Protein chains: 2
Amino acid sequence: MAETGGGGEGLLFLTDEQLRKGIEAMFFAYRGFTADPDRILEGLDYGRAHHRAVHFINRSPGLTVSSLMAILGVTKQSLNRVLRTLIDDGLVEARIGREDRRERNLYLTDKGMVLERSLSDAQRARMRAAYRTAGPQAVQGFRTVLEAMMDPEMRRQYLGLKEAGS
Amino acid sequence: MAETGGGGEGLLFLTDEQLRKGIEAMFFAYRGFTADPDRILEGLDYGRAHHRAVHFINRSPGLTVSSLMAILGVTKQSLNRVLRTLIDDGLVEARIGREDRRERNLYLTDKGMVLERSLSDAQRARMRAAYRTAGPQAVQGFRTVLEAMMDPEMRRQYLGLKEAGS
DNA sequence: CTTGGAATGTCAACAAGGCTGACGTAAATT
DNA sequence: AATTTACGTCAGCCTTGTTGACATTCCAAG
């Protein structure tokens, strides 16, 4: 243990073995990360794709279909299938754009917000427990490494849309 | 910055907004995490499922089908489909267990090791770059939070199979 | 030895959620 | 007026997950 914390310890943290551990940590942790929402979604006719859509619509109310496509990194056909069910079920509203009437601005309805709440509450609960266990300094490192791991375009999405900031 | 490192700074890191940022960091970072192997796999007739199987067979040569099922969290039918193609293509060898002849011990062939290498080289390169950018202290925090985020069972898989240790 | 159960393989059917290609419509732009 | 953009939709395909059913092999207990 007893890390120097300064970076001058011979880069032991960059050995292949250390990197492999990091890779597996990502794999196993991501499973935990999605487990709770998945449990809620199963049986509701919805899946992870719906969760993602609802999450980002909630975060940025009024965002367009194109923007959401870019954020999620899926095709319009794939997104449309998900959006279609959410709109038909009254969880999402697609308003015609005021400036550019070709665009559709997406909003959660009250019903949609209820689902979003239950999903994000579950996910936040796990994240909160992990944060609390690990402590603020670890959380700082966690965010730093994850941000460095993103593709530049995704990093822009991640950084560019934060309101409150780190 | 100037974190106390003790948790007595008012728990600002546990606000809903901070947790939301952590959630999105996981989402965007995981995309980057899988992007490079995915690029290699596309066109080879293989997918992410093959990557995962090859990774864990490489890590623990001789592991059984049951063990791999437990690690990957998929059904035998799903795993078998992936394993079938890997065996047929000569990337994986399934030897009958010596002690219990019902079991199949899985090994990478030389050909399988070549693929594993190219996939893990790509993934490690990104991980290495992120680690280098973030620094050893951040890496420590990264691993700590991820470990806390896992389901207990997955945490056992993660910790129990490491040879070199942290 | 026989039988029960465990480990594995396999066939079939199905679903979610990706993808491409093609086509249509409305609205903005040139 | 022609073109481009944003979006929706139909059709079909792929990967990877799921259940259910059934066969085989083999260990272990009676």
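Just so it is clear, the structure is predicted and the values come from calculations on it, not from any experiment. In what follows, chains carry the letters A, B, and so on, assigned in the order in which the sequence lines appear, proteins first and then strands, with residues in each chain numbered from 1.
Look at A/Glu17 and A/Arg20 and you find a salt bridge, because one of the NZ, NE, NH1 or NH2 atoms lies within 4.0 Å of a carboxylate O, short of that distance.
Side-chain N/O atoms of B/Thr75 include none lying less than 4.0 angstrom from OP1 or OP2 on D/dG17.
The separation between B/Met69 atom CE and D/dT18 atom P is 9 Å, rounded to whole Å. Atom CG in A/Leu83 sits about 13 Å away from atom P in C/dG17, given to the nearest Å. One atom, CG of B/Asn80, and another, C1' of D/dT24, lie 14 Å apart when rounded to the nearest Å. Per the geometry, NZ belonging to A/Lys76 stands 18 Å off C1' belonging to C/dG17, to the nearest Å.
Using a 4.0 Å cut-off on heavy atoms, the residues of residues 40-57 of chain A that approach DNA chain C are A/Gly47, A/Arg48, A/Ala49, A/His50, A/Arg52, listed by number. At a non-hydrogen distance threshold of 4.0 Å, A/Glu99, A/Asp100, A/Arg101, A/Arg102 from residues 86-107 of chain A come into contact with DNA chain C.
A search for side-chain hydrogen bond (donor to acceptor under 3.5 Å, both in side chains) contacts involving B/Arg102 returns B/Asp100, not counting sequence neighbours. Evaluation of the side-chain contact (heavy atoms from CB on, under 4.5 Å) rule for A/Asp16 yields A/Leu19, B/Arg117, B/Arg124, B/Arg128 as partners, not counting sequence neighbours. A/Ala25 meets the side-chain contact (heavy atoms from CB on, under 4.5 Å) test with B/Arg143, B/Leu146, B/Met150, B/Tyr158; sequence neighbours excluded. Every side-chain contact (heavy atoms from CB on, under 4.5 Å) that A/Val92 has, sequence neighbours left out, goes to A/Ile57, A/Leu86, A/Ile87, A/Leu106, A/Leu108. Qualifying side-chain hydrogen bond (donor to acceptor under 3.5 Å, both in side chains) partners for A/His55, counting only residues two or more places apart in sequence or in other chains: B/Glu24. Taking the side-chain hydrogen bond (donor to acceptor under 3.5 Å, both in side chains) definition, one finds that B/Arg132 meets it with nothing, sequence neighbours left out. For B/Phe56, the ring-ring contact (aromatic ring centres under 6.0 Å, His included) test picks out A/Phe27, A/Phe28, with sequence neighbours left out.
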Show me, pair by pair, the donor-acceptor contacts under 3.5 angstrom made by side chains of residues 34-42 of chain A, not counting sequence neighbours?
unit_1, atom_1, unit_2, atom_2, d
A/Thr34, OG1, A/Tyr30, O, 3.2
A/Thr34, OG1, A/Arg31, O, 3.3
A/Thr34, OG1, A/Arg48, NH2, 3.4
A/Asp36, OD1, A/Arg39, NH2, 2.7
A/Asp36, OD1, A/Arg126, NH2, 3.2
A/Asp36, OD2, A/Arg126, NE, 2.9
A/Asp36, OD2, A/Arg126, NH2, 3.4
A/Asp38, OD1, A/Arg48, NE, 3.3
A/Asp38, OD2, A/Arg48, NE, 3.3
A/Asp38, OD2, A/Arg48, NH2, 2.6

What's touching nucleotides 11-14 of chain D from the protein side, N or O pairs under 3.5 Å?
none

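Under the 3.5 Å distance criterion, the side-chain polar atoms of B/Thr109 are matched with a main-chain donor or acceptor of B/Gly90.
Pairs of residues two or more places apart, or lying in two chains, that qualify as side-chain hydrogen bond (donor to acceptor under 3.5 Å, both in side chains) and include a residue from residues 68-87 of chain A are A/His50-A/Thr85, A/Arg84-A/Asp88.
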